[in-house]
Amino acid sequence: MSPTSPANPGCPTRRLTTAQALVAFLARQYTERDGRRQRLISATWGIFGHGNVAGIGQALMEAGGGRSGGGGNGGAGNGAAHRMPYLQGRNEQAMVHAAVGYARQSGRLSAHAVTTSIGPGATNLVTGAALATINRLPVLLLPGDTFATRPADPVLQQLEVEYAGDVSVNDCLRPVSRYFDRITRPEALIPAALQAMRVLADPAGTGAVTLALPQDVQAEAYDWPEEFFAERDWHVRRPAPDTHELEAAVRAVRSARRPLIVAGGGIRHSAAEETLAAFTAATRIPVASTQAGKGALRHDHPADVGGIGHTGTATADELARTADLVIGIGTRFSDFTTASGTLFANPAVRVLHLNITGFDAHKLAALPLVADARAGLEALTAALAGRGYRVDPAYETEYTGAKEAWEERVEASFATPDPTARPTQTQVLGLLDALVTEDDILINAAGSLPGDLHKLWRTRSRDQYHVEYGYSCMGYEIPAAIGVLLAAEGRTPRRPVWALVGDGTYLMNPTEIVTAVQENLPLKLVVLQNHGYASIGGLSESVGAERFGTAYRHRDADGGFTGPPLPVDLAANAASLGMRVLRATTVDDLRTALSEARDAGGPTCVYVETETPDTVSGPPPAQAWWDVPVAETASRPAAVKAREEYDRQVAARRRHL
Ligand SMILES: Cc1ncc(C[n+]2csc(CCOP(=O)(O)OP(=O)(O)O)c2C)c(N)n1
Ligand SMILES: [Mg+2]
């Protein structure tokens, strides 16, 4: 007679450690949406130390091996389908970024797990977890935790909290996780693992999910009910709108004379791009996009008016100022989008918001339309169809003309009158623009590039524009590109994936170059050297802080940082980590280097020192405000003047009620 499980009397069992059971369980979870089925957790990243080496580490060793699951037996006696591939990272935060890149490229239908040791390995996850959660992208975090049985406190790397014996540093992950549990007994894994999958596959609730795993429990054996290891499908739902909310939305659209759509990342997550195109074809409502929503329509779609907000186009921002109905779709309405509450300036403006979360749908006192973006747009299109709504042709002519005028400004920024000169940053983008096709994917997150890209980039396909601007986290780009490459693997021809980074961002987190080299992934890294935090330097100047602390320079005689630039060679650094590096000095060099990098089969870095624009055009300036509070009292005139301007802007802000 086979033993029966204490968790489920009568059910046949498998005796495994908690870690082995977790890995075997994860290898058998699937998501399904629109008839497509895929592994929910397709691989596990890990850096081992005490806290996971003998638990999850041993279980992963049994369960998988190679990148696509070669070797091992699936961890619980089953075949290749249930292997758990292992990916080796260099830095825990970066492993989460890679997992996030993977999840975004996978349409949130597939995700990675990340396992760490206890203490610093675990707390290194916090930034990555916040980034995942803010962007609503699924990642499963498996930090090791201190002993549940506490035979010898403190263990190495255990921070003791004198007033609370049940707190560990992993509690830092609670506020940045959409679900958190600590598995202090083996059988507690059963409900926790199921809840974790529910949250990861929930389109309204997904983000970082943390299962903290005390290291003694990981290695402890238990008689698991066999049913725990059955394949399980998690349907990713598309909630349809409520009829009352839909009727109100239809009335709002029908009475609008100057409607404007604000397309957010929810369109991408819902794969609603074609539905949006059909909606605009019927109504001719113009579409502006947030950073996460750029690509909702192709740049040359007649209704696409480009980025909106502080980093937006003049076209979109002017339409936003005069709109009588702002139709948000899947956006968080962040301060960059609303110009810190100053952009939707028409006194008669109303906001309608189609969003899968009630939380976002109610922002700006909007008329909520709580639904999946695709399902909501389909319902709205159908409900409007019989009633023949379409914007006035004069409105269409107005935004089409404004779009053409903006296009001329893009052209001017991209122009390279002197091919022997050092390129400006916008010229670097222009050269890329001339090179790429709809296959290429561009990744960026922080510095001055997100603003330039949002204003200028001509997005050619739904997933080309990958700018992480929820957390705008320096150091996201390189690991995220690895995740994107892993998600796009198997596609022929291979998709060119570009990580665009400033020098500051490079220095923050170049470590996963080694991972790209190890996996021979054809990462294309473009490093733009301008000797410091140019974006923050510009911001600092505008708020009267005089670029303090933003340049990478030697100290001067007074102790400030105005000496010569530092003798740092980032190209040599990338080469030392194993990349092929192409150095470009002039516009012509750069054109050749980018083209060579695009064709390269292995990880390749293009390194270029950029010129600060003076004789040639830079990017167009901001078309809308961003609230960064300025010192109310200061001794230097620059700050006093900046505060006067600040007060003027604040006076224009409105609360939407
Ligand atoms: C992890 C992190 N720390 C700090 C910041 C604040 N920040 C935003 S942009 C920036 C400077 C980026 O420098 P670089 O990559 O060289 O780009 P540049 O501004 O020169 O274009 C800083 C410090 C951030 N976004 N992320
Ligand atoms: Mg820089």
Side-chain angles (χ1 to χ4, degrees), residues 91-98 100 123-135 176 291-292 310-311 334-336 413 422-429 432 442-457 467-481 498-513 525-543 545 547-553 561 565-566 568-571 573-574 605-613 618-619 621-622 626-629:
N91 168 296
E92 290 84 0
Q93 179 184 320
M95 293 195 292
V96 187
H97 293 336
V100 165
T123 49
N124 266 358
L125 293 173
V126 174
T127 298
L131 184 151
T133 293
I134 209 170
N135 287 290
V176 290
Q291 289 277 12
H310 179 60
T311 51
S334 82
D335 61 348
F336 262 66
S413 305
R422 209 151 74 161
T424 62
Q425 181 163 297
T426 47
Q427 289 172 332
V428 177
L429 298 183
L432 265 173
L442 269 62
I443 299 170
N444 181 247
S448 50
L449 276 165
D452 291 357
L453 286 163
H454 198 212
K455 281 184 198 137
L456 303 173
W457 189 256
V467 174
E468 184 285 297
Y469 216 59
Y471 214 44
S472 184
C473 184
M474 291 167 73
Y476 170 78
E477 295 86 346
I478 296 172
W498 302 84
L500 310 181
V501 303
D503 54 318
T505 295
Y506 180 91
L507 283 168
M508 182 99 39
N509 190 15
T511 56
E512 298 320 298
I513 286 176
L525 172 64
V526 183
V527 180
L528 291 91
Q529 171 64 275
N530 59 16
H531 303 283
Y533 306 146
S535 53
I536 307 300
L539 176 63
S540 167
E541 198 162 300
S542 75
V543 297
R547 295 190 172 258
F548 178 74
T550 60
Y552 285 168
R553 290 178 174 276
F561 291 114
L566 302 178
V568 171
D569 186 344
L570 300 183
N573 185 276
C605 169
V606 175
Y607 173 86
V608 61
E609 184 138 350
T610 53
E611 187 68 78
T612 309
W626 180 39
D627 185 347
V628 176

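Start at 1 and go down the list; that is how both ligands and their atoms are numbered. Computed from a predicted structure; not experimentally measured.
- Residues T505 and E477 have side chains that never bring a donor and an acceptor to within less than 3.5 angstrom of each other.
- Side-chain atoms of Q427 never come within 3.5 Å of backbone atoms of L429 as a donor-acceptor pair (strictly under, hydrogens ignored).
- In terms of modelled atom types and a separation under 3.5 Å, the side chain of E468 and the main chain of Y476 share no donor-acceptor contact.
- Side-chain contact between L456 and T426: present, with at least one pair of heavy atoms (C-beta onward) separated by less than 4.5 Å.
- Sorted by chain and number, the protein atoms of type N, O or S within less than 2.8 Å of the Mg ion (ligand 2) are D503 OD1, N530 OD1, G532 O.
- Sorted by chain and number, the residues within 4.0 Å of ligand 1 by heavy atom are A446, G447, S448, S472, M474, G502, D503, G504, T505, M508, N530, G532, Y533, A534, S535, I536.
- A donor-acceptor contact shorter than 3.5 Å is absent between the side chain of T424 and the backbone of T612.
- Put simply, the residue from L525, N444, V526 that forms a side-chain contact (heavy atoms from CB on, under 4.5 Å) with W498 is V526.
- For the pair H97 (side chain) and P479 (backbone), a donor-acceptor distance under 3.5 Å is absent.
- Classification of the Y552-Y533 ring pair by plane angle, with boundaries at 30° and 60°, yields perpendicular.
- Although no hydrogens or angles enter the test, the distance criterion places no donor-acceptor pair under 3.5 Å between the side chain of Y506 and the main chain of Q529.
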